[in-house]
Every structure is written in structure tokens, then in C-alpha cells.
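Have a look at the structure below, then the notes.
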2 protein chains.
Amino acid sequence: MSQDDVLLDKVKARDPEGTKRAILDAAEKLFAEKGFSGVSVRDISEASGVSQSLIHHHFGSKHALYEEVKKRAIDRFWHRWINRSKKMPHDLGFFADGVETFFWFVRDNETIMRLSCWACLEGDTDLWPGEKEAIEYLAQEISQAQEKGLLRSDVNALMLTILIEAASIFWWQYRPNFIKLFEEMGKSPENIDEWYLKNVTKVLLCGVMKETREIKPQNNDKD
Amino acid sequence: MSQDDVLLDKVKARDPEGTKRAILDAAEKLFAEKGFSGVSVRDISEASGVSQSLIHHHFGSKHALYEEVKKRAIDRFWHRWINRSKKMPHDLGFFADGVETFFWFVRDNETIMRLSCWACLEGDTDLWPGEKEAIEYLAQEISQAQEKGLLRSDVNALMLTILIEAASIFWWQYRPNFIKLFEEMGKSPENIDEWYLKNVTKVLLCGVMKETREIKPQNNDKD
DNA sequence: GTCTATATCCAGATAGAC
DNA sequence: GTCTATCTGGATATAGAC
């Protein structure tokens, strides 16, 4: 060991990768919570235990750090999505499975969902819950099912994918409001998430099974 | 006219209601664009032509002004919604009409949709795109249609309403991302909004027409 | 690589003249 | 009711020692 190394040991523990990770973790949590403008570098410094100036040293600026946070979140999102448990499209049950899988996947990835929502409002079209690869992946599964004749083929696979994502993401985004609404109406069911999912699956499943008929007046009662 | 009035005339035009409206208008636009933390009172002052201190004089604080902006937006949203053109539920066409009406209604109320999205992220459950009265109104129409036997009755009206809102609000929220996605895939259709709406209406319409059958393997091709 | 200290600016809010 | 001027704190970012 050279003299320099001995000297370095006296300095506070050096672990650049660990430090960067600590900063990114704290920043991600805070940005997801309060958005870019709602968080100060000081906040991140305190939450991560790393000094302000070191944050600037590693990332250059608050905005550059934000971009790094989002970039890392995209990677993790995609990694989790391809590694999720999944079933092969052999029958129509796969469709319900797909809807349900995505629904719970969104719940389990609240942080990135919030990050992407902030990003969307800020006009950033890079990070988003659909995330190009994930959405194309889903759409492709639907396409294949259509080719096999499992799903109606007169709806666009991509558009159907967006609808499925909408049903899940919207629910988790505004869930507190819905809970509040139900409470005000006097009902507050225990398994509200399952209940919503069951209803959505019902409707979507029937919706993708059959071709659309022409809509004609078909009153059940005469008036 | 008393001497006092003459003196007052020399002061810059006094129009408290006009001033307040100018402040609210500018604030609403900016808050919708950049969120609460992304806007300074100075920004609002410059955009409205009203001095900072006068803003504080009229609203007390930046946060109180924000609340006023949201409150006014709720009122306007609700007012617009009850005054929209609507049809009576005489046949199943009313359902497609309802979905389409809401879809374009959301497009035409971008400011309040953005405001409510910011508010949602900030943890405010008062302002939201569903907005209690509006969502109950929609759900009631669906309930009535169910009683008339126009829609399947084994799905909850409120849950169905939420799904319908999800389909529209999610689309407009992430529309720029979808446009970008389509472009990257080599397709960029002209009437993408109409296209999405057509697909959604198709699926939802079929989805609400029939009772759910038990899901059994029903392969079209044998494998 | 990591810290303390600090420069510089801008934020929300107030004082007080008119 | 409306303005100009100002207070005070907190923001991002940098300088420079170790």
C-alpha cells in the first residue's frame, strides 16, 4: 500500500457507486412523491445523507439528476415487466389473466407510475406507464390471439392495449378519490380493488369476444 | 361627486372583481401548465399585470389562491357538464353517445383535467376529473338503462362509469406519448382520436350488452 | 471523492405611501 | 384598492480545503 492509500483511508468512506445509488434512491422517492419542482437538492441531501455539493459533483445539476432517476426507473420497469409471471395464449382465459396481471403490476409499481405521471404533466414524452416496449409487447400478444381466432379481429391490437392500460392505471391514479366517493355514498366495500377488477374484466372480456353488431333500437319495454 | 371621489380617480383604475378575475385566469393557466410548485407569484403577477402584493392582498397566500383556482374550476366543470347536449336513454345507442360525449368533453376541458391531475399527485382528493356529482350523474343514467334492460345488470353502474372515464381521460393524458409511439412504428393516422374512440366504443358496447358466460377453453384451432 | 463555507439569485410575504 | 420597496428565508450552484 502506498502512502496515498493510507491517507485516503482517513478520509470519510469512499464509495462512489454506493453514494450515487443512495442519491438516486432518495431522489426517486422524493420526486415520485412531490414532483421535480416540489423537491429541493437540500431535501435529497438530507434524505440520502450525502452533502449537496457531492450531489452536484456526481450529477451536475438537479435536472440532470432527475433525468437519471427517470432513466433508471424506465430500465427497472421494463426489466420487471419482462420477468413477470405470464401464461401462454391458449384460450380466452389468457385475456383475463393479462388484464389482471397488468392491474396488479401497476399497483406494485406505484413509484414509477407517479414519476411518469409527473413527467407527462411536465411535457416529457420519454417516460410513461405504457413505455414503448411494454406496450408493444402486450399488443403483440393480443395480435397473436387475434390470428388464432381467440379474440375478435375488428379491433386494433394497439388500441385495445391502450384501453386495458387505461383501465388499470386510471384506477390506481385516482383510487383515493374513488374510495372517498364510495364512503360518501355510504358504501365502503372491503375488497374494492378486486371488485373493480372483476367488473372491468367482465366488460372487457365480453367486449373482445364477439364482433360488433349494428346498433339498432332494441327497447325491452315499449314506450 | 365629493372631493374624495375626484382624488380616487387619479389612482389607477379600481376594479377589484376584474382584478381578481384577471389573477384567477392567469393563475389557472399557469398552474394547469406547470403545477403549484412550478409557478411563482411573480409569474402570476406578470401574466396578469397585477402586482405581487395585490395578489396577496386579495387571496392571502399563494396556496389560498391555488385553492380558489381549483374551486372555480370545479364549479365551471360541473356547470359545463350539466349543460352539455345529451340524449335520453331510449336504446343502446345512448350508451355509445354517452361514451363519445364524455370523450370529447374531456378534450375540451384540458385545463381542468391537468389541474386535477396535478391535484391528484399532490394528494388533494377534492378536485378530480370524475368530480363527485358528474360521476354520480353518469352512473345514474347507466343504472336507469340497466333497469330498463338496455344494459347487462351484472356489472356495477359506478364501476362501469369509472371504466368509461378511464378510457377517455387516460387517452388525452398520454396522447402525446401515443402519437410518438405510432410515429415510431411507422404509422401516423390522420384521425387518431376518432380511431381510438371507435375501437373503445366497439369493445365497451359489446361488453355491456351481454351477460358474462363462464370462461371455458374454446380454441378455434386445435392444438 | 467528500466535505464546509459561501456566492448569487429568487421565492413568498409584508410595510407603508397614495 | 393598488402600487413600490423591502424583508427574510431558501433555492441552485460553486470554491476550495482535505
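So you know, we letter chains A, B, ... as the sequences are listed, proteins then strands, and number each from 1. Note that these values count all heavy atoms, side chains included, but never hydrogens, waters or copies made by symmetry.
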Select one nucleotide: of [options], the one nearest the side-chain heavy atoms of [X].
X	options	result
B/Gln52	C/dA13, C/dA11, D/dT14	C/dA13
A/Ser61	C/dG12, D/dG1, D/dA13	D/dA13
B/Ser53	D/dT2, D/dC3, C/dG12	D/dC3
A/Arg42	C/dT14, D/dT12, C/dA11	D/dT12
B/Val41	C/dG12, D/dT12, C/dC3	C/dG12

For this session: Find the distance B/Ile55:CD1 to C/dG12:C1' and express it as a whole number of Å.
Result: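 The distance from CD1 of B/Ile55 to C1' of C/dG12 comes to 11 Å, rounded to the nearest Å.
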Exercise. Can you tell me how far P of C/dA11 sits from CZ of B/Phe36, to the nearest Å?
Worked result: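 So the CZ-P distance, B/Phe36 to C/dA11, works out to 13 Å.
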Exercise. Between A/His57 and A/Asp43, who's closer to the 5' end of DNA chain D by nearest nucleotide?
Worked result: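 It is A/Asp43 whose nearest nucleotide is closer to the 5' end.
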For this session: Please say which of B/Lys70, B/Arg76, B/Lys34 ends up in a salt bridge (Lys or Arg N to Asp or Glu O under 4.0 Å) with B/Glu28.
Result: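 The salt bridge (Lys or Arg N to Asp or Glu O under 4.0 Å) with B/Glu28 is passed solely by B/Arg76 among B/Lys70, B/Arg76, B/Lys34.
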Problem set entry | OP1 or OP2 of C/dT2 under 4.0 Å from side-chain N/O of A/His58 |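 Result: yes.
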For this session: Specify whether B/Phe36 and B/Phe31 have parallel, tilted or perpendicular ring planes, treating 30° as the upper limit for parallel and 60° as the lower limit for perpendicular.
Result: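 B/Phe36 and B/Phe31: parallel rings.
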For this session: On the 0 to 90° scale, with breaks at 30° and 60°, tag the A/Phe103-A/Trp172 ring pair as parallel, tilted or perpendicular.
Result: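 Correct class here is tilted.
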For this session: Mind checking B/Ser40 for me? I need base, sugar-phosphate or nothing, with any heavy atom below 4.0 Å counting as a touch.
Result: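 Answer is sugar-phosphate: B/Ser40 comes under 4.0 Å of backbone atoms only.
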Problem set entry | Aromatic ring proximity A/Phe77/A/Trp128, centre distance under 6.0 Å |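 Not under 6.0 Å, so no.
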